[in-house]
Amino acid sequence: MRWSNLFVPTLREAPAEAEVASHRLLLRAGFIRQLHSGHYSLLPLGLRVHDKVADIVREEMDAIGGQELLLPAMHPAWVWEQSGRWASMGEEMFRLTDRKGAEVALGMTHEEVIAHLAREIHSYRELPQIWYQVQWKFRDEPRPKSGLLRVREFAMKDSYSLDIDDAGLDRAFDLHQGAYTRIFERMGLPAIAVEASSGAMGGSASVEFMVPSDAGEDDIVRCASCGYAANVERAVAVVAPVDDPPGGTLERFATPGIRTIAALAAAEAEAPPQRQIKTMVYVLDGQVTLVLLRGDHSLSEQKLLDRTGAAQARPAGADECVAALGASPGSLGAVGVTDLPVLADGALEGRSNLTTGANVDDFHYRRVDIERDIRVGEWLDLRQVRHGEPCTACGRPLELLRCIETGHIFKLGRRYAEAFEATVMDAEGAARVLTMGSYGIGIGRAMAAVAETYHDERGLCWPVSVAPYDVAVVPLAGRDAAVGEVAERLYDELCGLGTEVILDDRDARPGVKFSDIELVGIPYRVTVGPRGLANDEVELTERASGQTANVPVAEAAAAVRTARDEALAAL
RNA sequence: CGGGCUGUGGCGCAGCUUGGUUAGCGCGUUGGUCUGGGGGACCAAAGGUCCCGGGUUCAAAUCCCGGCAGCCCGACCA
C-alpha cells in the first residue's frame with residue numbers, strides 16, 4: 001500500500017474529549033473516529049488491527065475445535081422472553097418495534113439464540129460442540145467512555161459450549177481458558193486470569209482475563225508470591241484481628257453534628273474507625289436491609305448481590321433511612337433493630353466494645369457488643385479487600401491492580417437449555433438437558449488494551465502480531481531519483497516476501513513522515529536516503545526500541561522479514 | 001440517574017465577565033517559489049448555521065429561558 005492512497009487522517013493534536021492514551025492515540029493516528037457517543041467508525045488502519053485481533057482469536061478457537069457461525073444481531077422479543085431476560089435485562093438492551101408492531105431487540109449477547117439452535121442436536125453422539133462467532137453486540141451503556149474501551153456497539157467473539165454433563169462442561173471451560181491464555185499472549189497482552197463473580201449470569205465458575213492499566217474500570221487483587229488472583233468483587237484477604245478493650249454496658253451518648261466515621265473517630269478517643277460499626281442501609285429487591293461493616297472497611301456491592309442472591313441492590317435514600325430507622329445517615333445503627341434483616345461482614349464477628357449510630361439524630365452508642373446487642377441475621381463476606389492485606393493462601397501482602405477486562409469465561413449450566421428445552425438422548429435412551437458455557441472477548445476493547453499497553457510519547461507501538469502493517473519504507477527523495485527507485489524496489493521485494501508494507505511516497509519532509517509513522521506505530525521502518533545509498537545501505541529502525549542499523553540494500557528486505565518473524569515467534 | 005465542565009472553520013484555542021468594527025490566533029488545507037535526514041521559509045488563497053430553538057435589545061458568539069450534544073467523576077454495567 002502506498003501512503004498517498006491510504007486514508008489516514010492523522011492529527012497533530014488530540015481532540016479535547018480524549019483522555020486515556022488509547023483513545024487519544026487511536027484518534028490522532030487515524031485509526032478511529034467517533035460518530036456518536038459510544039459508536040466509532042474503524043478507519044482502514046483501525047480495521048486492519050481489529051481484523052488481526054479477530055483472526056488470532058479465530059485461529060485459537062479453531063484450534064480447540066470451535067466452529068465459527070454467524071447469528072443475527074437483531075432478535076425477536078420472544079427468545080428473550082423465553083429465558084426470562086426480556087424482563088430482567090432492563091435498560092441496557094436496545095429495544096425497538098418493527099413495522100408490524102412486533103417487539104425486537106438488538107442482541108447484547110447470544111445465549112438465547114444458541115440455546116434455540118441447540119434444539120437441533122438430538123443425540124449425545126453429536127456432542128460436545130463449541131460454537132463461536134465474531135458479532136456486533138449492542139448495549140445501551142449508561143456511560144460510554146475512553147474511546148474503544150467502553151462503547152455501545154462493538155465486535156465480540158462469543159463462544160458457547162454444549163455438553164451433556166458437568167465433566168464435558170469442565171473440559172470445554174478448560175479448553176477455553178487455555179485458548180484465551182494463548183490469544184492474549186499472541187497479542188502481547190499480559191492478561192491475568194482471575195476468579196470472578198459470574199454476576200447476573202449465575203453459574204459455577206467464572207474467570208476474567210484482566211490487563212493491568214490505569215485506564216481500566218475493574219480492580220483485581222493479586223498475590224505476587226503464590227499466584228492467587230481475583231476480582232475485588234470476589235477477593236478475600238486475611239483481616240488482622242482488632243484488640244477490643246474490655247467493654248461494659250451499652251451507653252447512648254450525644255454526638256452533635258457528627259455524621260461520618262472519620263468525624264466520630266476524631267471526636268472520640270475510644271472510637272477509631274476499626275472499632276466502629278458502619279451501618280449501610282440498602283434496598284435489596286425492594287427489601288430495606290441493614291448492612292454492617294467495620295468502620296474502616298468498604299462494601300463490595302457485587303459481593304452483597306452474590307452472597308444474598310438479590311437481583312438488585314441500591315443504597316437507600318436519606319428519606320428511606322428516616323422512614324425505616326427514624327434517623328438520618330450519620331446516626332444509623334442496628335442496635336435493637338428487629339424488624340429489618342441485618343447482614344454483617346465477617347470482620348465484625350465476635351467484636352465488642354464498639355461504637356455505632358443510635359438511630360436518633362446526633363446520638364451514638366458506645367460499648368456495643370455485637371453478639372449481645374445486635375440481632376445479626378447472617379454473617380457474610382461483604383468487605384472489599386484492600387491493598388497490602390495478607391493473602392489467605394500464603395500470608396504475603398496482596399496487591400490491588402486496576403485492570404481492563406478483555407475476556408470473561410464462565411459456566412452457565414443448564415439454565416438456557418432448560419428454557420429452550422434443548423435436550424438430547426443419552427446412551428441409555430433418557431432425555432438429558434444440555435449444559436452450556438459462555439466465553440467472550442471484546443475485540444475492540446482488546447485492541448484498545450494493546451494500545452494502552454504499547455505506546456510512548458511519540459505514539460503507538462503495535463506488537464507485530466496485530467500491527468496494521470509490518471514495515472514502512474520511507475524514501476527521503478528530494479530530487480534524488482535513485483532514492484525513489486531503490487525504495488520502489490524494496491517495496492516490491494518486501495511484498496514478495498510476504499510482509500505487509502507501506503511505501504511512504506508522499507512528497508513531504510522527512511520529519512513529517514517519521515512522525516506519522518511513529519504515531520501510527522508501524523513496527524519497522526526502512527529509511528532510504530541519499531546518505532545511506534552512497535554506501536549502498538539503508539537504515540532499518542525498530543519502532544519499539546528506536547534502534548537503528550545500517551543494512552546493505554540487497555539484504556534489507558530479508559532483514560525485515562527475519563526481524564518480524566523473530567518478533568512474532570517471541571510473542 | 002446525581003455532581004462538575006464544555007460546545008466558536010478539519011484539530012487546538014482566544015473573544016463572552018462589561019452586548020456595538022468586517023469573529024481572531026496557531027496548526028492543518030489549496031496554489032506558487034525556494035528548501036530537502038526530524039512537523040522548514042516566504043507569497044497568495046479557500047474554509048464559519050459562533051450547538052439548536054425562543055426571548056431581551058436599536059444591536060446577541062456575548063445577557064435570559066428551554067432544549068440537544070460531548071467529556072470527566074460517581075452510581076450503574078456478563
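In what follows, every heavy atom counts, from backbone to side chain, and hydrogens, waters and symmetry copies are set aside. Sequence lines set the chain letters: A, B, ... in the order given, protein chains first and strands last, and positions in each chain run from 1.
- Position along RNA chain B of the nearest nucleotide to A:E217 versus A:G511 favours A:G511 as the more 5'-ward residue.
- Nucleotide B:A69 forms a pair with B:U6, judged by Watson-Crick or G-U wobble geometry with both contacts under 3.5 Å.
- Regarding contacts with the backbone of B:G37, every side-chain N or O of A:K513 stays at 4.0 angstrom or more from both OP1 and OP2.
- Across all strands shown, A:S146 has heavy atoms under 4.0 Å from sugar-phosphate atoms exclusively, and none from any base.
- Within the 4.0 Å cut-off from OP1 or OP2 of B:C71, at least one side-chain nitrogen or oxygen of A:S37 is found.
- Residue A:E13 is in base contact, counting any heavy-atom pair closer than 4.0 Å across all strands shown.
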Would you check, one step at a time, whether the test salt bridge (charged side-chain N to carboxylate O under 4.0 Å, His left out) holds for A:K145 with A:E17? CA-CA 10 Å; A:K145 58 179 287 205; A:E17 68 266 17; over 6 Å; no
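- If you check B:G31 for Watson-Crick or wobble pairing at under 3.5 angstrom, you find it paired to B:C43.
- Comparing the P positions of B:G32 and B:C16 gives a spacing of 40 Å, expressed to the nearest Å.
- Between the C1' atoms of B:U35 and B:A23, the separation comes to 35 Å (whole Å).
- Comparing the C1' positions of B:C5 and B:C58 gives a spacing of 35 Å, expressed to the nearest Å.
- Base engagement by A:G529 is indicated by at least one non-hydrogen atom pair under 4.0 Å involving a base atom.
- Here A:M93 lies out of heavy-atom contact (under 4.0 Å) with every strand.
- A close approach under 4.0 Å does occur between a side-chain nitrogen or oxygen of A:H36 and OP1 or OP2 of B:G70.
- If you check every strand for non-hydrogen atoms under 4.0 Å, A:R24 touches nothing.
- As judged by a 4.0 angstrom heavy-atom cut-off over every strand, A:D480 is placed among residues making no nucleic acid contact.
- At the heavy-atom level, A:R314 lies nowhere under 4.0 Å from the strands shown.
- Under 4.0 Å is where a charged nitrogen must lie from a carboxylate oxygen, and between A:R58 and A:E68 at least one such pair does.
- OP1 or OP2 of B:C27 has not a single side-chain nitrogen or oxygen of A:R12 nearer than 4.0 Å.
- Taking atom C1' on both B:U8 and B:A69, the two are 15 Å apart, rounded to the nearest angstrom.
- Ring pair A:H23/A:Y40 is perpendicular by interplanar angle, where above 60° counts as perpendicular and below 30° as parallel.
- Within 4.0 Å of A:P15, counting heavy atoms only, lie sugar-phosphate atoms of the nucleic acid but no base atom.
- Using a 4.0 Å heavy-atom criterion, one finds that A:A14 contacts the sugar-phosphate atoms exclusively.
- In this structure, A:R402 does not pair ionically with A:D214, as no charged nitrogen and carboxylate oxygen lie closer than 4.0 Å.
- When heavy atoms are screened at a 4.0 angstrom cut-off, A:E518 is found touching base atoms of the nucleic acid.
- No engagement by A:D140 is indicated, since no non-hydrogen atom pair under 4.0 Å with the nucleic acid exists.
- Taking only distance into account, the side chain of A:R509 meets the base of B:G40 through a donor-acceptor pair shorter than 3.5 Å.
- At the phosphate of B:C71, OP1 or OP2 sits under 4.0 Å from a side-chain N or O atom of A:Q34.
- Side chains of A:L6 and A:Y469 form a contact here, defined as non-hydrogen atoms less than 4.5 Å apart.
- Note on A:R33: every side-chain N or O is 4.0 Å or more away from OP1 and OP2 of B:G10.
- Ion pairing between a basic and an acidic side chain is recognised when a charged N comes within 4.0 Å of a carboxylate O; A:D170 and A:K411 show such pairing.
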